[in-house]
Amino acid sequence: MKILFDLRDYPEHHLVQCANKALLTSNSPYLHQYGAIASEQWWRLYEVGQICRSRLVGQIVHLGIIKDDFNELWDIVRIQTDQGDIEYDREDFWLDSCVTVNKWVYIEKVSLVVPTSSGPTTYQFDVQVGVQSND
């Protein structure tokens with residue numbers, strides 16, 4: 001398995017910054033209990049299983065341009081999992097030469113619900129993404 005993305009290498013990722021800002025603004029107990037996302041405290045708790053995460057395993061079934069319902073073109077990666085198909089814009093690490101149709105992909109992600117004045121907001125971000133290597 002080749003690791004394409006590991007959040008540890010990108011602690012200042014824009015989604016992490018947005019979620020941490022929302023947590024701070026909402027005065028959520030999450031910060032006190034777990035620390036800021038991608039902080040040392042958060043990673044310690046993550047490693048011992050205190051931070052909820054989901055894991056997906058699937059096979060790449062499409063790689064390239066598709067047309068959406070509005071006839072706009074998108075360059076995507078579509079992965080078929082036992083929980084349904086998921087799609088990513090084909091950018092950043094998804095452009096790696098190892099990412100090809102029929103390869104198996106492993107995705108570990110975290111979801112977090114933050115209360116806001118207009119209702120709860122859910123933040124989802126990948127913690128680690130790996131793809132079947134060519135070995």
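When a residue number appears, it is its place in the shown sequence, counting from 1. Everything numeric in this text was worked out from a predicted model, so none of it was measured. Atoms considered below: every heavy atom in the structure, side chains included; atoms not considered: hydrogens, waters and symmetry mates.
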Participant: Check whether the side chains of Trp74 and Asp68 place a donor and an acceptor atom closer than 3.5 Å, and report yes or no.
Facilitator: yes

Participant: Taking side-chain hydrogen bond (donor to acceptor under 3.5 Å, both in side chains) as the definition, give me every residue that meets it alongside Gln83, ordered by chain and number, with sequence neighbours left out.
Facilitator: none

Participant: Could you list the residues that satisfy salt bridge (Lys or Arg N to Asp or Glu O under 4.0 Å) with Lys2, not counting sequence neighbours?
Facilitator: Asp96

Participant: Answer yes or no: does atom CD of Glu47 have more than 12 heavy-atom neighbours from other residues, nucleotides or ligands under 6.0 Å?
Facilitator: yes

Participant: Mind checking what makes side chain to side chain contact (heavy atoms under 4.5 Å, CB included) contact with Thr100, not counting sequence neighbours?
Facilitator: Lys103

Participant: Starting at CG of Asp6, measure out to CZ of Phe93 and round the result to the nearest 0.5 Å.
Facilitator: 10.5 Å

Participant: Using ring pair (Phe, Tyr, Trp, His ring centres under 6.0 Å) as the criterion, list what pairs up with Tyr30, not counting sequence neighbours.
Facilitator: Tyr34

Participant: Carefully, step by step, assess Leu7 and Trp43 under the rule side-chain contact (heavy atoms from CB on, under 4.5 Å).
Facilitator: CA-CA 10 Å; Leu7 186 61; Trp43 281 116; 4.0 Å; yes

Participant: Quick one: does Asp126's side chain have a donor or acceptor within less than 3.5 Å of a partner on Lys109's backbone?
Facilitator: no

Participant: Under the side-chain contact (heavy atoms from CB on, under 4.5 Å) criterion, do Leu4 and Val99 qualify, and how do the steps go?
Facilitator: CA-CA 9 Å; Leu4 295 175; Val99 177; 3.6 Å; yes

Participant: List the atom of Gly58, the atom of Thr81, and the distance in Å for their closest heavy-atom pair.
Facilitator: CA-CG2, 4.0 Å

Participant: Could you work out, with salt bridge (Lys or Arg N to Asp or Glu O under 4.0 Å) as the rule, every residue matching Asp85, not counting sequence neighbours?
Facilitator: none

Participant: Donor-acceptor pair, Gln80 side chain versus Gln59 backbone, under 3.5 Å?
Facilitator: no

Participant: Which heavy atom of Ser111 sits nearest to which heavy atom of Gln124, and what is that distance?
Facilitator: OG-CG, 3.2 Å

Participant: Please check if the side chain of Thr25 supplies one atom and the backbone of Lys21 the other of a donor-acceptor pair under 3.5 Å.
Facilitator: yes

Participant: Just by distance, with hydrogens left out, do Glu12 and Tyr10 show a side-chain donor and acceptor under 3.5 Å apart?
Facilitator: no

Participant: Taking only residues two or more places apart in sequence or in another chain, which ones pass salt bridge (Lys or Arg N to Asp or Glu O under 4.0 Å) with Arg44?
Facilitator: none

Participant: Answer yes if Val61 and Trp94 sit in the same cluster of Ile, Leu, Val, Met, Phe, Trp and Tyr residues linked by side chain heavy atoms under 4.5 Å apart, and no otherwise.
Facilitator: no

Participant: Would a distance-only check, ignoring hydrogens and angles, find a side-chain to backbone donor-acceptor pair under 3.5 Å from Gln132 to Trp104?
Facilitator: yes

Participant: Within 45 degrees of the axis of the six-membered ring of Tyr106 and under 6.0 Å from its centre: does Arg55 put its NZ or CZ there?
Facilitator: no

Participant: Got a donor-acceptor contact below 3.5 angstrom from the Arg78 side chain to the Tyr88 backbone?
Facilitator: no

